[in-house]
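Just below is one structure, and these are the notes that go with it.
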Amino acid sequence: MGDFNQMVVLDQVRRAPGGSSRVELAGATGLSLQAISNIVGRLIALGLVVEGERRAEGRGKPRTMLHLNPRGAYALGVHVDPVVVTSVLVDLSGDAVAKTVVDTPTGPEAVVAAVAAATRGLLERAGVDREAVLGLGVAAPGPVDFASGAVVHPPLLAGWERVPIRSMVAEATGFDVVLEKDVSAAMVAELWRGERMLRGTSVFFYTGFGVAAAVAVDGELVRGSSRNAGEIGHLIVDADGPPCACGSRGCIGASAAAQTLVDEAVARGVLAPGTPAASPRELDAALTAVAEAASDGDAVAGEILTVSARRVARGITTVADLLDAQVVVFGGPAWSRLAPHYLPVVRAELAAHATLRELHAVEVLGSALGDHVGALGAASLVLDGLFTPRPSDLVVRRAAPAGRG
Ligand SMILES: [Zn+2]
């Protein structure tokens, strides 16, 4: 797909809601009509773009509209989480055409076997040939060693110490595999699907078993030196807050952790003493019970979540000010349960305390992609890597000096 101008044209067609004519494409991209015609010819031959209806524009002769062919190519996405492994098959528009969720098996080998079985099943169910699949994205809890394609030690996944998941999944499935942190994959999904974060600075705040952030500037993910930017879990947001495994108190990760919320709910009588919370699955179910109690009007449960939200909001305000962010999007596996309790608190905190509030508002949104944003993001990585034009791709880099690889 490599050609930059070809990616620019495909992106333009993909993002035009009613399609785009060759003349409009020339106007939007600054390329000549001849160049556009050549590129469109190639995209049609590749099956990525189709010609549609003819539409009259002004007094000129009607022009043929071009549309993305969503079924022109597919990508697979897998999200490995302590509770479930979610696999999706998406078409070129990023829509899931098939999805499978299984309980996370114990140990990396069993997880990889489950991924291989799930992806085979998705292709069969959707009736899609392997050849039409461009690749497989894996989203995993960070941090990730990108040089070796290994997850380092993800929270709550027992037996996962430097597991080379990228090569294991590639071997088990036969697909080219891209590995990314779950939060970064979620941000890529938002960028691939939405328009809101293509300009300015945006933050994705991920709530699962850990918390993490991803940052995008003008639609491009900020990766950091080892591509692990966004590990904000130990940002202290309340010196009197809950203890954290790092030895401090009131880290943002501990303040939002299911363990903290569930422990507090048991201690204050929202949940029965002895409520099982030892495994990730039990903990997840207990978190659901706390959120449901709060939604049903239990004042103590509501207060537990509001205090947590206030702590998180303080951290988000610092991060938004640090980056001069205009949009903050929340998502991840715990988000749909926390959203009704968190959103109003975070919005109020930013409106009242962000240093930059006099210059611009910060929009706080929930992800539109739901609980499966990690898996959709993993699949989006494949599409994004092949089809999103990046100005940085055009920069000719000087070779790194020896020893600094
Ligand atoms: Zn900490």
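Predicted, not measured: the structure shown is a model, and the values here were computed from it. FYI, side chains are in, hydrogens and waters are out, and symmetry mates aren't considered; it's all heavy atoms of this structure. Atoms within a ligand are numbered from 1 in the order they appear, just like the ligands themselves.
- Ion pairing between Arg268 and Glu264 holds under the 4.0 Å rule for side-chain N and carboxylate O.
- The CD atom of Glu220 sits 8.5 Å away from the CG atom of Asp384 when rounded to the nearest 0.5 Å.
- In terms of heavy atoms, Leu343 sits closest to Gly366 at CD2-N, 4.5 Å.
- Counting heavy atoms of neighbouring residues, nucleotides and ligands inside a 6.0 Å radius, atom CZ of Arg162 does not exceed 12 of them.
- Using a cutoff of 4.0 Å between basic side-chain nitrogens and carboxylate oxygens, Glu349 and Arg357 are not scored as salt-bridged.
- Leu261 has its side chain within reach of Leu338: a pair of non-hydrogen atoms, C-beta onward, lies under 4.5 Å apart.
- Protein N/O/S atoms closer than 2.8 Å to the Zn ion (ligand 1), listed by chain and residue number, are His234 ND1, Cys244 SG, Cys246 SG, Cys251 SG.
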